[in-house]
Amino acid sequence: MVHTATKILSTRAAPGGESVDYWRHVISDAFVPLEAAAPEPSFRGEVRIDRLGSTLVSRVDAGPHRVRRTKAMISASERGYYKLGLQVRGSCLLVQDGREALLGPGDFALYDTDRPYTLAFGEPTSMAVFMFPRERLRLGAGGARQVLGQPIRGDDEPGSLLSPLFRRLVRQLGGATSPIPLADAVLDLLAALLTEQAGTAPDSLVLQAQAYIDTHLSDPDLCPDSVAAALHISTRYLQKLFAEQGTGVASWIRTRRLEQCRRDLSRPELTRPVSAVGAAWGLPDAAHFSRAFKAAYGLSPREFRAQALS
């Protein structure tokens with residue numbers, strides 16, 4: 001049976017009269033440091049947290065309240081994550097960079113944890129929250145400006161495609177089959193649809209480079225110079241093209257290798273040693289592979305496999 005462990009935190013554990021302060025600690029530990037305020041001292045809230053590799057999937061059920069991420073908090077804890085909030089019940093007002101997104105059931109919005117934001121819940125609410133590294137969407141700076149803080153309605157494209165999949169992902173948590181493949185597929189679809197919506201599709205040379213990289217990931221000598229040579233352009237120009245998409249060539253190669261390793265480590269039918277998984281995707285140095293994987297996903301390859309296949 002493949003599943004991920006669920007962590008449940010609730011204000012029921014808080015001493016009398018301290019539920020709001022306790023909630024602040026709960027959500028700050030679950031996500032990123034946040035302020036919290038509620039109109040009623042009897043505030044109640046609960047969050048269910050599952051980690052799927054580099055993606056944190058949470059279900060938040062709470063009374064009326066507001067959370068805020070400030071510049072001071074960001075400067076002390078910058079982490080490079082996007083969060084996607086899918087409203088399940090009630091409503092939410094998201095404010096970031098002067099944009100306001102009022103979300104109802106089925107609606108969602110993407111926001112950046114490294115920029116100040118406020119979430120205001122004026123009624124009892126339920127929200128599914130997905131938090132993952134920014135580079136997972138490959139939006140680039142221009143694409144991010146187009147989509148961050150914008151409401152995506154559940155009955156419009158791309159919401160009509162994505163909202164049911166996000167809901168399904170939440171329902172699969174704790175089930176008999178691993179939700180990691182679905183999480184990967186949903187984020188890939190989200191990246192494609194948001195890129196299309198933002199009108200920031202990569203340059204054709206970037207697409208060619210990405211395709212070349214994907215077909216040569218197993219080559220440990222794959223590097224920016226070899227990619228540029230294959231495309232008959234200079235390495236400097238290739239780096240410029242990738243920079244316009246908000247990433248670097250070496251970073252892209254490393255991310256794609258680690259993504260493939262993560263997928264293999266979550267497959268129960270693949271029993272090869274962890275070191276062999278890394279070597280198969282161009283990371284033959286076991287110690288380097290372990291360090292890079294843990295830096296990307298918060299767990300060593302062995303810990304990730306044990307969690308995914310437990």
Side-chain angles (χ1 to χ4, degrees), residues 1-9 28-32 47-59 77-83 113 129-138 169-188 191 213-223 247-248 250-310:
M1 183 169 67
V2 181
H3 62 276
T4 55
T6 300
K7 186 177 182 180
I8 302 175
L9 300 170
S28 294
D29 288 343
F31 305 116
V32 291
V47 57
R48 299 171 57 91
I49 308 164
D50 287 81
R51 180 172 288 280
L52 307 180
S54 62
T55 302
L56 199 69
V57 183
S58 303
R59 170 74 179 254
S77 64
E78 186 169 341
R79 297 174 66 179
Y81 284 92
Y82 284 147
K83 289 171 75 175
T113 64
V129 180
F130 306 83
M131 189 169 80
F132 45 86
R134 279 200 301 260
E135 58 268 21
R136 187 66 179 79
L137 292 191
R138 307 161 194 159
L169 177 57
V170 174
R171 289 196 301 269
Q172 277 196 9
L173 296 174
T177 58
S178 172
I180 292 177
L182 178 58
D184 286 338
V186 173
L187 289 181
D188 286 343
I213 289 168
D214 277 353
T215 57
H216 293 81
L217 286 175
S218 61
D219 180 0
D221 294 325
L222 181 68
C223 65
T247 187
S251 176
W252 182 273
I253 293 171
R254 181 176 61 255
T255 297
R256 292 296 294 147
R257 281 174 166 159
L258 292 174
E259 286 175 352
Q260 295 301 326
C261 291
R262 176 171 56 86
R263 292 180 182 185
D264 280 0
L265 290 169
S266 66
R267 295 169 60 187
E269 71 273 17
L270 292 182
T271 58
R272 65 177 65 161
V274 165
S275 60
V277 172
W281 293 108
L283 297 167
D285 185 324
H288 171 73
F289 168 47
S290 182
R291 288 194 300 270
F293 192 96
K294 187 167 186 177
Y297 302 119
L299 297 170
S300 71
R302 293 184 187 281
E303 291 169 338
F304 176 84
R305 171 179 268 178
Q307 183 190 79
L309 303 183
S310 61

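Basis for what follows: all heavy atoms, side chains included, without hydrogens, waters or symmetry-related copies.
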Closest approach of [X] to [Y] (non-hydrogen atoms, all atoms of both residues):
X    : Y    : result
I253 : L217 : O-CD2, 4.1 Å
F289 : C261 : CE1-SG, 3.7 Å
S266 : R263 : OG-O, 2.9 Å
L137 : L187 : CD2-O, 3.9 Å
T271 : P268 : CG2-O, 4.1 Å
D50  : L173 : OD1-CD1, 3.6 Å

Nearest-0.5 Å distance that lies between atom [atom1] in [X] and atom [atom2] in [Y]:
X    : Y    : atom1 : atom2 : answer
K294 : E303 : NZ    : CD    : 5.0 Å
S275 : L283 : OG    : CG    : 11.5 Å
L299 : R262 : CG    : CZ    : 11.5 Å
L182 : L169 : CG    : CG    : 5.0 Å
R59  : I8   : CZ    : CD1   : 12.0 Å
R256 : H216 : CZ    : NE2   : 14.5 Å

Tell me whether [X] contacts the main-chain N or O of [Y] through its side chain, where contact means a donor paired with an acceptor under 3.5 Å.
X    : Y    : result
T113 : Y81  : yes
R136 : D184 : yes
R257 : W281 : yes

TODO: Could you tell me how the ring of F132 sits relative to the ring of Y82: parallel (under 30°), tilted (30 to 60°) or perpendicular (over 60°)?
DONE: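 F132 vs Y82 ring planes: perpendicular.
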Task: Full working for side chain to side chain contact (heavy atoms under 4.5 Å, CB included) between V129 and V47 - done: CA-CA 10 Å; V129 180; V47 57; over 6 Å; no
Task: Pairing residues for H288 by the ring-ring contact (aromatic ring centres under 6.0 Å, His included) criterion, not counting sequence neighbours - done: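 Testing H288 for ring-ring contact (aromatic ring centres under 6.0 Å, His included), a comparison that skips the adjacent residues, returns none.
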TODO: Taking atom CZ of R134 as the centre, report whether more than 12 heavy atoms of other residues, nucleotides or ligands fall under 6.0 Å from it.
DONE: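 Yes, CZ of R134 has more than 12 neighbouring heavy atoms, counting only those of other groups under 6.0 Å.
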Task: Side-chain heavy-atom pair L265, F293 within 4.5 angstrom cut-off - done: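 They are in contact (side-chain heavy atoms under 4.5 Å apart), so the answer is yes.
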- [ ] May I have the step-by-step check of side chain to side chain contact (heavy atoms under 4.5 Å, CB included) for T255 and E259, ending in yes or no?
- [x] CA-CA 6 Å; T255 297; E259 286 175 352; 3.6 Å; yes
